[in-house]
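Report on the following structure.
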Amino acid sequence: MKEETDQPMAKGSLALGGQLLGERRDVWWLGIDRKWWVLVTVGIGTLMGSLDGSITNVVMPVIMKDFGIGLATVEWVSMIYLLVVSGLLLTFGRLGDMAGHVRVFILGVVLFTIGSLLCALSPAPLVLIAMRGLQAVGSAMVMSNSPAILTRTFPGRQRGQALGMQGTMTYLGLMIGPAFGGYLTERFSWRMAFLVNLPIGLLTIALALAVIAEREPASKHESFDLAGAVTFLGGLSALLLALSHGQDWGWTSGLVLALLASAVILLGLFVQIERRVAHPMLDLSMFGTRIFSAGAASALMNYLSTSAVLFLVPFFLIQYRGLDPSQAGILLSTQAVMMVIFAPLSGTLSDRIGSRVLSSGGMIIVTLAVLSMATVDSATDSPGIAARLMLAGLGTALFVSPNSSAVMGSAPRQRQGVASAVLGGARNVGMVMGVASGGAILSALLAAHGASIGQNPGFLPAFRETFLLLSIVGVLGTVTSLARGKPAA
């Protein structure tokens, strides 16, 4: 059975995985429409990345003990990953537009899989940190091209559904990762936490070669903006490093101030370069589309709000309430459970009614969840915390898929990779800003109350006031989401 694809592919193009890239192609494989196989493939790749991230966070103390290193060293196992992924998202999104999203995606899975093997075999901390950097390069390639592949595979009427189901795979990895990583570490070794990526990576590569056909790159004749790539990588890395370590190093320390100044200079230079080059890394005219700019801004504030919740609540649960880490972990996972359930539903619904109502409603719910954290007291039990976290998960699930669908749908065909990268960048930067701002606000309020983290009278009012201030971010996110335009957008 044959049908035409939404956008015709170039004649005479090469075959990939046995799939002829012509204007018409067989859309069925093993009796199932190939677009669903594409979704499965991209979903497994997405699951691998989120599973690895959540597992790595769990095994960090074990790695620290095994190598006999301090916290300042082991934290770079996560930090290098964050910096490299964030800094290279835009680069690989642009390369996907120029060389083909599928090619970059597959190469990314290959690098991530090789990096995982080398992480497991690392004989020393510095080698492990370097191999995490290699993993991050592969992850950036996958993350920046996955939404673009789905957007070009599924028709507009199913785009939200596809992106919602991809989001479910992300949240599923985040949900099962901590428990799974703990089991692997206790039963075998922390090295097994990286080796588990090998079969997942090989399966993703095999499926990608079999079911995903590359299309003629829309920007293949354009030149690559190397100056833009370098200044963006340097500027964003400096900003994230300052934000993530500002609390520890001191916000007024020379190092943090130097990093912030470098970030301003480099990112300002990046903008000037993008305005002048013929083929910019980031086409700034995309932000002239209200749906795109409002959606990206709303995504940043959504991730800032939810990451602040996940960062701060454990202090209440463990230091104030006295719960053990496993009990706190179970409670925190309730937020991911709601995302797994409702992300695909909201994506499907957005295909029918548009993104504005769902995304804005999701931001309102997230804001209410943040405000509800400002009402906790010494009598708030575990079910009460779980209900608040589930509210945050519901709001995020309602927001992310419709918002992503709107942003991707508003981007030009030749800029789908860049649009994917912008969304990924909003997620990473928002998460870092959430942790940084949440920690900074709580620390300042604890000092104002003459208190510290733990079971003392001043902790609770400082904790509650922190969430009152953070709710302002949710309000701003709601405003930008509503500003995207008509409900049908």
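In this text the structure is predicted, and so the values were computed from the model without any measurement. Basis for what follows: all heavy atoms, side chains included, without hydrogens, waters or symmetry-related copies.
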Between H245 and W76, how do the two ring planes meet: parallel, tilted or perpendicular, split at 30° and 60°? tilted

Polar side chain donor-acceptor pair, T375 to R388, under 3.5 angstrom: yes

Heavy-atom pair of closest approach, residues I129 and I80: O-CG2, 3.5 Å

Is there a donor-acceptor pair closer than 3.5 Å between any side-chain N or O of S86 and the backbone N or O of L83? no

With a 4.5 Å limit on heavy-atom distance, are the side chains of L260 and L239 in contact? yes

Would you say S360's side chain and V357's backbone share a donor-acceptor pair under 3.5 angstrom? no

Does the separation of the ring centres of F292 and F287 fall below 6.0 angstrom? yes

pair Y303-N428: side-chain heavy atoms closer than 4.5 Å: no

Closest heavy-atom pair, A308 versus L470, reported as atoms and distance to 0.1 Å, is CB-CD1, 3.8 Å

In this structure, CD1 of I385 is separated from CG of L331 (nearest 0.5 Å) by 7.5 Å

With a 4.5 Å cut-off on side-chain heavy atoms, are F463 and L312 touching? yes

Please work out whether the ring planes of F232 and F270 are parallel, tilted or perpendicular, with thresholds of 30° and 60°. tilted

Side chain to side chain contact (heavy atoms under 4.5 Å, CB included) with T334: which residues, sequence neighbours excluded? A386, L389, M390

With the side chain counted from C-beta on, respond yes when M141 and F105 share a heavy-atom pair under 4.5 Å apart, and no when they do not. no

Between D225 and R276, does at least one N-O distance fall below 4.0 Å, as a salt bridge requires? no

Is there side-chain contact between R132 and D52, with at least one heavy-atom pair below 4.5 Å? yes

Donor-acceptor contact present, side-chain S144 to main-chain A421, <3.5 Å: no

Do V309 and V370 have side-chain heavy atoms sitting under 4.5 Å apart? yes

Mark yes or no for whether R290, through its side chain, and A483, through its backbone, hold a donor-acceptor pair below 3.5 Å. yes

Walk me through whether F467 and L371 qualify under side-chain contact (heavy atoms from CB on, under 4.5 Å). CA-CA 6 Å; F467 280 100; L371 280 171; over 6 Å; no

With distance as the sole test, does S443 use its side chain to make a donor-acceptor pair with the main-chain N or O of A440 at under 3.5 Å? no

Write down the atom of V473, the atom of S305, and the distance for their closest heavy-atom approach. CG1-OG, 3.6 Å

Backbone N/O of G295 and side chain of N403: donor-acceptor pair under 3.5 Å: yes

Side chains of V256 and S253, heavy atoms from C-beta outward: is any pair under 4.5 Å? yes

In Å and rounded to the nearest 0.5 Å, what is the OG to CG distance from S437 to L469? 10.0 Å

Per-pair distances, 0.1 Å, donor-acceptor, side chain in residues 394-401, under 3.5 Å, sequence neighbours excluded:
residue : atom : partner : partner atom : Å
T396    : OG1  : A392    : O            : 2.9
S401    : OG   : A343    : O            : 3.3

Are any non-hydrogen side-chain atoms of P402 and R356 less than 4.5 angstrom apart? no

For the side chain of S481 and the backbone of T478, is there at least one donor-acceptor N/O pair under 3.5 Å apart? no

Under the side-chain contact (heavy atoms from CB on, under 4.5 Å) criterion, do L236 and L240 qualify, and how do the steps go? CA-CA 6 Å; L236 188 60; L240 293 179; 4.1 Å; yes

Let's go through T480 and S298 carefully: what are the C-alpha distance in whole Å and the side-chain angles of both, what is the deciding distance for side-chain hydrogen bond (donor to acceptor under 3.5 Å, both in side chains) to 0.1 Å, and is it a yes or a no? CA-CA 6 Å; T480 56; S298 300; 2.7 Å; yes

Are the side chain of D97 and the backbone of V418 linked by a donor-acceptor contact shorter than 3.5 Å? yes

Are M48 and S139 close enough, and set up right, to give a side-chain contact (heavy atoms from CB on, under 4.5 Å), and what steps lead you there? CA-CA 9 Å; M48 180 173 65; S139 182; over 6 Å; no

